[in-house]
2 protein chains.
Amino acid sequence: MITVAVDANGADLGPAEVAAGAVAATREGVRVLLFGPAAAFGDMAGRDGSIEVVDAPVSIAKAADPARAVRSTPDASIVQAAVAVGEGRADALVSGGSTGAALAAALFNVKRAPGVIRPALAVTIPVPNHPFTLLDAGANAEVRAEHLVQFGLMGAAFAQAVRGVARPRIGLLSNGEEAIKGTSLVIEAHEQLAARVAEGGSYDFVGNVEGTQVTNGVADVVVTDGFTGNIALKLMEGVSQTMLTAVRAAATSSARGSLGGLLLKPALREFRDELDPERSGGAYLLGLRKLGVVPHGRFSRVGIRQAILVAARGAEEDVAGRTHAALQDAGALRRVPDASGSASTLASS
Amino acid sequence: MITVAVDANGADLGPAEVAAGAVAATREGVRVLLFGPAAAFGDMAGRDGSIEVVDAPVSIAKAADPARAVRSTPDASIVQAAVAVGEGRADALVSGGSTGAALAAALFNVKRAPGVIRPALAVTIPVPNHPFTLLDAGANAEVRAEHLVQFGLMGAAFAQAVRGVARPRIGLLSNGEEAIKGTSLVIEAHEQLAARVAEGGSYDFVGNVEGTQVTNGVADVVVTDGFTGNIALKLMEGVSQTMLTAVRAAATSSARGSLGGLLLKPALREFRDELDPERSGGAYLLGLRKLGVVPHGRFSRVGIRQAILVAARGAEEDVAGRTHAALQDAGALRRVPDASGSASTLASS
């Protein structure tokens, strides 16, 4: 049975909502270690032996400097949850909603997978018929070319293991399709990705993809730095929200439109549900020894439950091991010094 | 009477379509110098004395290296059109659709406005009730902080002169609202913009804006580098297109939905028209001695006509002069050596 360590602090709706999501997840056969303010969890109806509460009321979800808070607050709930995963008492980590704190706690306590330079945040965008995984969605604002290469391969391994894509197509987000388009960083990453993917592996590199293309299904994995990725992710959210609002406004602008909107409602609701970020469970932390999942802060118990289930599924499907294998196949692991200290490092973090 | 130099090469629909747009623009009181393959212009019905054709069949719209093509092809239509503007025979430049060629030709022949380090491409995004001007939308993939500062002030001057925004709010696109969020480049630009805008001027700096905020009307001018800006622009295009397609699919997925879609059609059409990029005329080249406008390559005569009219309006409203004044007020002009050669340059291009 898979065990998921869940931090109940940091969610907009409070720890009781996270606890309710955890209880719901246990009904699907997942065991949960729940860290947070036990007094705030409410009655946790339906709770059984597959959920274990660890009273950890201290929260660093709002800390301005998450890395410092993690180091100075060993009793914080997210730190205790990450330690449980690092020590093997749990197989995956789910945080209540603060991405910065989850990232820092996981980096210090779950630790990077061997050969991974930087963990990345991956988000699967639910475009109807053309879902794609975007990474880095915000963990690393500034990166080097070899980081982007690793992001692409980690994303491909994730797409295979969790999304079931047989042969993921990796694309590099840029301002033009041609290999010479982009910043010098992107041009260098393009060359390296093309060379490494050509060496083998069960994935393809489709080259640069432009903003107009990402929603058209040209790539299963879209790679970029955490600055651009975070802006892209939030832009897609903002634009789709604005469009839905505008369609609703159009639908109520006249009697004829109102009737039309009413008749369209079930179809639009289904479409909106399809886009609902709670369905995806949130953002994935890739490149650690174990998988981490960060639900959106505003998620209800539905999204929290989903986050726990996808974390469990990722652990079952061994995302971490497959990621390592993908990087190894492509020769994109950072070489670490062996016992004799002879190997050089590809790059420092 | 304002004269606009128009290059008819490079548009997807061909030179005759551009010529038709030019003829339509002359009916609004604009004089046009039309450069391109005269033999391909067709009959140009309605043409009168306010349009002058200069036969210039050579096109560099498809050149892989626009800067080199501009230097080596003085008889290219876009080069001749830019020279006409540079020499004062026309007040503004409109290209048929190749942004790269228009940028290079304008840079060499219209030349940068005094004190401007880098021209930028500005696009006004027609979000219903909350339009905003995004720049740089693709002219400079890599920039420095002082470039971003100038982009913000140029965008503000443009928003005042062309869009009639009394006191434009400048925002800096980033991956978080806090001043410390972003790449080191963005953090530095934030500091500089805050300091320079505080010095006075008729605009405000609202700080960092995130992707979710840009469509919410928090800023009239959104500043970023040309790499991120180009991706953002195309993402917004792609996502809104995908959403409209999905709404249409939802509307036809059932008999009930089909009827609803039919009733909604007029309202949705109006909304789609509002988003139509042909309405805005295209992208503006800011920071040159004269204004340049680059319609989208796929524009029909409707969009070309609009591009010529907005270029004429920009010339009438003296966008170039106002931009210079805005930069000067904020102390953000690059100092050029005076006759004695004593002043240092703020930065090289």
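In what follows, every heavy atom counts, from backbone to side chain, and hydrogens, waters and symmetry copies are set aside. Letters go in sequence order (proteins before strands), and every chain restarts at 1.
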Which answer fits B:Thr245, side chain, backbone, both or neither, if we ask what part of it has an atom under 4.5 Å from a heavy atom of chain A? neither
Exactly one of A:Asn129, A:Thr215, A:Thr212 should register a side-chain contact (heavy atoms from CB on, under 4.5 Å) with B:Thr242. Which one does? A:Thr215
Would you mind telling me which of B:Val214, B:Asn230, B:Leu233, B:Ile231 has the largest number of heavy-atom pairs within less than 4.5 Å of chain A? B:Ile231
Which atom of B:Asn175 lies closest to which atom of A:Lys234, heavy atoms considered: O-NZ, 3.5 Å
Under a 4.5 Å heavy-atom cut-off, does chain B meet the side chain of A:Val209, its backbone, both or neither? neither
Any chance CZ of A:Arg68 has more than 12 other-residue heavy atoms, nucleotides or ligands included, within less than 6.0 Å? no
Value for CE (A:Met236) from CE (B:Met243), rounded to nearest 0.5 Å, stands at 12.5 Å
Among the options B:Ser174, B:Ala232, B:Gly226, B:Ala64, pick out the one with the most heavy-atom pairs lying under 4.5 Å from chain A. B:Ser174
Pair count under 4.5 Å, heavy atoms only, with chain B: among A:Gly229, A:Ala141, A:Ser184, A:Gly138, highest is A:Ser184
Most heavy-atom pairs under 4.5 angstrom with chain B, which of A:Glu142, A:Gln213, A:His130, A:Glu210? A:Glu142
Find the one option among A:Gly182, A:Gly238, A:Gly211 whose heavy-atom pairs under 4.5 Å with chain B are most numerous. A:Gly211
Under a 4.5 Å heavy-atom cutoff, which of A:Thr183, A:Leu173, A:Thr224 has the most pairs with chain B? A:Thr183
